[in-house]
Amino acid sequence: ADIMAMEIEEKPDINYNDIGGLENAIVEIKETVELPIKKPELFEEIGIDPPKGILLYGPPGTGKTLLAKAVANQTNATFIKLVASEFVNKFLGEGARYVRQVFELAKEKSPAIIFIDEIDAIGTKRTHGTQGADREVQRTLMQLLSELDGFESRGNVGIIAATNRPDILDDALIRPGRFDRTIEVPLPNKNGRINILKIHTEKMKIDENIDFESISELTEGFSGADLKAACTEAGMFAIRNERKKVISKDFMDAIDKIINQI
Ligand code: ATP
């Protein structure tokens, strides 16, 4: 009961083929997080320390959480997710203790992946304030840095942080030996969007004439989450029109609707 604001999944049910358009990010995360957990001896033999923490950055809804879950799946790891902005608010005065408990839990449950979403909530460059909430945030950050520093990177706990705002992160966080590896998780390009649309329509009844190329062209600037929402909306339009299959027009209407929301 002590540990809230945390989501734990034993072995998330997400695979790399559930993720569209992030080929580079997948290659990098495999090498920097998966490999050290699966084959620590490779790093020992060569005599280097694998990266301790990696930072995923990119716009909201592009698949950062999916990537972290896929790594946990591939390594049979427990996935422990914290949302930094939440635990700062919920644990006034307790943030630092909370961070310590999370790292203890990860060691206990190892192999484990600690995923810290919205790390900027505790790791922003600040005019080092010494008052109230600011001070609390700072203490939480100090505890996180100390956990990272005291951490044996050849162990089987991987630490992945995510942010939409890498530009505002405190330098202390991205120093060597901390989150010193960054991986971009960008908006999908045209091909990426096609892949993501195929993933999210896989279980849908859709008309054979549906042209993913042209849907992809109409959805420039959409994130993976937006594309998923468009597929769901298209399904809603089909239901509303009492059709048993989703047709091209449903997708067009759905895209219009999402564009008006973005
Ligand atoms: P945030 O920064 O807002 O936390 P995020 O980058 O972690 O977002 P996810 O939570 O991974 O994004 O994505 C939200 C949902 O959108 C996913 O559960 C998935 O359904 C869909 N999605 C996002 N990106 C992709 C992608 N690249 N391929 C397939 N589906 C995606």
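The figures here come from the full heavy-atom set of this structure, side chains too, leaving out hydrogens, waters and symmetry mates. Atoms within each ligand, like the ligands themselves, are counted from 1 in listed order.
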Using distance alone, determine whether Leu22 and ligand 1 share an N or O pair under 3.5 Å.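 Between Leu22 and ligand 1, no N or O pair is found under 3.5 Å apart.
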Kindly confirm or rule out an N or O of Gly61 lying under 3.5 angstrom from an N or O of ligand 1. yes
Does any part of the side chain of Leu56, heavy atoms only, come nearer than 4.5 Å to the side chain of Thr182, both counted from C-beta?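 With C-beta onward as the side chain, the pair stays apart.
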Quick check: does any side chain N or O of Lys52 sit under 3.5 Å from a backbone N or O of Leu148, one acting as donor and the other as acceptor?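 Checked: pair present.
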Under 3.5 Å: donor-acceptor pair, side chain of Asn260, backbone of Asp256: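 The answer is yes, because a donor-acceptor pair under 3.5 Å joins these two groups.
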With a 4.0 Å cut-off on heavy atoms, is [X] in contact with ligand 1?
X	result
Asp18	yes
His200	yes
Gly21	no

What do we get for [X] next to ligand 1 when only non-hydrogen atoms under 4.0 Å count, side chain, backbone, both or neither?
X	value
Ile196	side chain
Lys64	both
Asp117	side chain

Checking a contact table here: which protein heavy atom is nearest atom 12 (O) of ligand 1, and how many Å away? Gly63 N, 3.3 Å
Identity and distance of the protein heavy atom lying nearest atom 18 (O) of ligand 1: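 Result: Leu66 CD2, 3.9 Å.
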Has Lys30 got its NZ or CZ under 6.0 Å from the middle of the six-membered ring of Tyr16, at an angle within 45 degrees of the ring axis?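 The answer is yes; both the distance and angle limits are met.
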To which of Pro59, Gly58, Ala225, Cys231 does the heavy atom nearest atom 14 (C) of ligand 1 belong? Ala225
Treat each ILVMFWY residue as a node, draw an edge where side-chain heavy atoms are under 4.5 Å apart, and state whether Phe251 and Phe212 are in one component. yes
Would you find more than 12 non-hydrogen atoms of other residues, nucleotides or ligands less than 6.0 Å from Met142 atom CE?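 For Met142, atom CE is not crowded (no more than 12 foreign heavy atoms under 6.0 Å).
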